Amino acid sequence: MAILEILVYPDERLRTVAKPVETVDESTRQLVKDMTETMYDANGIGLAATQVNIHQQVIVMDLSDERNELRVLINPTVIEQDGEQVYDEGCLSVPEYYAPVKRAENIKINALDEQGEIYQLEAHGLLAVCIQHEMDHLAGKVFVDYLSRLKQDRIKKKFVKRARSFD
Ligand code: GNR
Ligand code: NI
């Protein structure tokens, strides 16, 4: 197992579009394990492979308080969506910043599990928010993209400045 490094906004590598996993095999399962350990270590409720600079369509999530309800989404596709909700989102790639984002309230997805078996999932509320947030990462998008240009510029400046101070 390994804890992987999480890319921080505005790192351009977060803009990479992930490719579908062709065959779910041992290397996929190893990636899932490492991403899971990384997500738990960072106290996140989700993590997309893009965030650890691996550009395959792999997501891990756990919304439970006990951190014992892992969900694995490989090659997820939204097949239905409706409604609207606004949730104050955060992101491990934009540490300590939260802002409201509008997304679908209900979604239905197809995905593969870590055995390569297809399954369907109906989600609403925070689970639906998290799935849409993670699928955005796989498409090279970050939640701050939905904010005003002014806010984006401010966040960018703050994180560039912060990164310099770490050098
Ligand atoms: O840990 C996370 N919390 C969170 C809170 C509100 C909306 C979305 C999220 S996802 C985030 C982890 C993360 O950055 N996943 O990509
Ligand atoms: Ni995120």
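None of these values were measured; they are calculated from a predicted model. Just follow the structure's listing: the first ligand is 1, and inside any ligand the first atom is 1.
With respect to R103, the side chain to side chain donor-acceptor pair (under 3.5 Å) criterion is satisfied by exactly one of E84, Q81, Q85, E89: E89.
When hydrogens are left out, the protein atom nearest atom 3 (N) of ligand 1 is I45 CG1, 3.4 Å; that is the closest non-hydrogen contact. When only non-hydrogen protein atoms are considered, atom 16 (O) of ligand 1 lies nearest to E134 OE1, 2.6 Å. Scanning the protein for heavy atoms near atom 14 (O) of ligand 1, the closest one is L92 N, 2.8 Å.
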Applying side-chain contact (heavy atoms from CB on, under 4.5 Å) to I131 and M135, what does each step give before you reach the verdict? CA-CA 6 Å; I131 293 170; M135 287 185 68; 3.9 Å; yes
For the pair L14 and T16, evaluate side-chain contact (heavy atoms from CB on, under 4.5 Å) and give the outcome as yes or no after the intermediate values. CA-CA 6 Å; L14 288 168; T16 314; over 6 Å; no
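One side chain, Y146 or D136, offers a donor N or O that lies under 3.5 Å from an acceptor on the other.
Residue C91 has no N or O atom closer than 3.5 Å to an N or O atom of ligand 1. In terms of polar-atom proximity, defined here as any N/O pair under 3.5 Å, S93 makes no such contact with ligand 1. Taking any N or O of E89, backbone or side chain, none lies under 3.5 Å from an N or O belonging to ligand 1.
Ionic pairing of D153 and K158 is not present here: no N-O contact between side-chain nitrogen and carboxylate oxygen is shorter than 4.0 angstrom. In summary, E114 and K33 do not engage in a salt bridge, as defined by a charged side-chain N under 4.0 Å from a carboxylate O.
Note on the Ni ion (ligand 2): protein N/O/S atoms under 2.8 Å are C91 SG, H133 NE2, H137 NE2.
For the pair I79/Q120, a side-chain contact is recorded, criterion being any heavy-atom separation below 4.5 Å from C-beta on. In this structure the side chain of R71 never reaches within 4.5 angstrom of the side chain of D62, judged on heavy atoms.
Taking both residues in full, the closest heavy atoms of Y9 and V142 are given as CD1-CG1, 4.2 Å, listed atom of the first, atom of the second, then distance. In this structure, D113 and V24 approach most closely via the heavy-atom pair O-CG1, 4.0 Å.
At a 4.0 Å heavy-atom cut-off, ligand 1 does not touch F143 at all. Contacts of Q51 with ligand 1, taken as heavy-atom pairs under 4.0 Å, involve the side chain alone.
With distances taken over non-hydrogen atoms, the option nearest atom 13 (C) of ligand 1 out of G90, G44, G46 is G46.
If you number the atoms of ligand 1 from 1 as listed, the ones under 4.0 Å from a heavy atom of H137 come out as 16 (O).
For residues 17-30, the pairs satisfying salt bridge (charged side-chain N to carboxylate O under 4.0 Å, His left out) are E26-R29, with sequence neighbours left out.
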